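Since we're looking at a predicted model, the values are computed, not measured. All values below come from the heavy atoms of this structure, side chains included, with hydrogens, waters and symmetry mates left out.
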Amino acid sequence: MSNKEIVELIKFIPNIFIYIVPGYSFFKVSSFILSKELINDKEAIIKYVLMSYVIVNIVKLFIWVDINSPIFIIVTLLMSILFAFIYSKGIRCDKFDRFLQKLSIKKTYTIDVWDDIERINKEYNGYWITIYIDNEKVYYQGILKKCQEQQKEKDYYIFLKKYRMCTYNLETVEDFTDNDKYWVAIKANGISRMEIEYYPKENKKSS
């Protein structure tokens with residue numbers, strides 16, 4: 001490679017940066033917020049370029065400076081992060097769900113079933129989960145505290161607080177329903193079935 005070719009390549013680097021990095025930042029941030037894995041396949045570079053092109057042209061409407069200038073690059077990166085945040089929050093809001101339903105699209109953009117449970121809970125005043133484990137002939141009842149993220153299907157733990165543990169013969173083994181200092185971790189691959197009972201807001205239940 002000649003010196004002239006090296007110089008031309010160096011001159012082209014800012015264009016590569018401005019038309020790839022903003023798109024990459026957008027998908028990286030939105031994937032983080034949505035707890036989704038960022039897939040870097042053969043089509044990824046195309047998505048980065050297209051999204052960068054959109055973001056750059058939006059920024060151009062408000063900032064009239066050279067696109068390779070530091071101020072333009074900084075603003076573009078900040079805007080890509082802002083757009084990713086708005087996008088990630090927007091597609092998971094109730095209004096977006098209602099919009100999809102009006103279009104007869106029976107789909108929600110949620111992380112997993114636990115995300116759906118928490119979203120439905122906004123319409124109620126808490127819920128009570130019953131988890132059955134046939135192998136041990138016991139079941140747990142409690143309030144969902146958290147669930148591990150970024151795990152393979154049925155390869156995670158469910159954490160309950162204010163829980164009680166009973167046998168299938170209805171004998172109480174542990175009862176911490178009045179104490180939220182105790183948690184129990186239940187591995188999902190041992191669960192036989194679950195039941196979820198939501199409490200109407202007019203029948204307020206302390207948690």
Side-chain angles (χ1 to χ4, degrees), residues 1-125 127 144-153 155-156 198 201:
M1 182 179 291
S2 65
N3 292 336
K4 183 178 181 180
E5 290 175 332
I6 294 176
V7 172
E8 292 297 324
L9 178 61
I10 294 174
K11 289 181 179 180
F12 193 70
I13 288 177
N15 290 325
I16 296 177
F17 181 88
I18 200 65
Y19 283 112
I20 292 181
V21 175
Y24 173 80
S25 299
F26 173 87
F27 286 106
K28 184 67 175 180
V29 173
S30 59
S31 296
F32 173 78
I33 296 175
L34 296 171
S35 295
K36 298 287 186 178
E37 182 181 358
L38 181 63
I39 300 175
N40 290 311
D41 53 16
K42 294 180 180 180
E43 298 178 357
I45 188 67
I46 298 177
K47 294 188 293 185
Y48 300 158
V49 171
L50 290 176
M51 183 53 65
S52 295
Y53 179 81
V54 172
I55 296 173
V56 166
N57 279 277
I58 291 176
V59 175
K60 278 183 178 180
L61 297 174
F62 304 97
I63 299 180
W64 301 282
V65 296
D66 183 64
I67 65 172
N68 293 323
S69 65
I71 184 64
F72 190 92
I73 293 175
I74 292 173
V75 172
T76 301
L77 289 176
L78 292 176
M79 290 299 291
S80 68
I81 295 173
L82 176 62
F83 290 157
F85 181 83
I86 295 174
Y87 163 78
S88 303
K89 294 298 183 180
I91 63 175
R92 293 179 59 194
C93 70
D94 295 333
K95 291 182 179 180
F96 185 74
D97 274 350
R98 289 193 291 268
F99 174 73
L100 291 180
Q101 291 174 7
K102 289 181 179 179
L103 298 177
S104 298
I105 300 175
K106 307 299 181 181
K107 182 177 177 63
T108 60
Y109 201 98
T110 51
I111 299 171
D112 50 30
V113 65
W114 304 106
D115 195 34
D116 273 327
I117 290 172
E118 290 294 341
R119 294 182 64 193
I120 295 173
N121 186 46
K122 295 178 182 179
E123 303 175 10
Y124 296 89
N125 191 66
Y127 54 87
L144 179 67
K145 180 63 178 178
K146 65 178 181 178
C147 182
Q148 282 186 339
E149 299 178 354
Q150 299 288 8
Q151 298 290 333
K152 296 181 180 179
E153 184 178 4
D155 187 22
Y156 54 87
Y198 287 94
K201 288 190 174 180

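- Between Phe27 atom CZ and Lys47 atom NZ the span is 5.5 Å, to the nearest 0.5 Å.
- No more than 12 heavy atoms of other residues, nucleotides or ligands lie within 6.0 Å of NZ in Lys28, so this atom counts as exposed by the packing criterion.
- Within the 4.5 Å cutoff, the side chain of Phe83 has heavy atoms near those of the Ile58 side chain.
- By the ring-ring contact (aromatic ring centres under 6.0 Å, His included) test, Tyr24 is found to be paired with Tyr48, residues two or more places apart in sequence or in another chain being considered.
- The side-chain hydrogen bond (donor to acceptor under 3.5 Å, both in side chains) analysis of residues 52-65, with sequence neighbours excluded, yields no pairs.
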Could you pull out all donor-acceptor pairs under 3.5 Å where a side-chain atom in residues 72-82 meets a protein atom, sequence neighbours excluded?
| residue | atom | partner | partner atom | Å |
| --- | --- | --- | --- | --- |
| Thr76 | OG1 | Phe72 | O | 2.7 |
| Ser80 | OG | Leu77 | O | 2.6 |

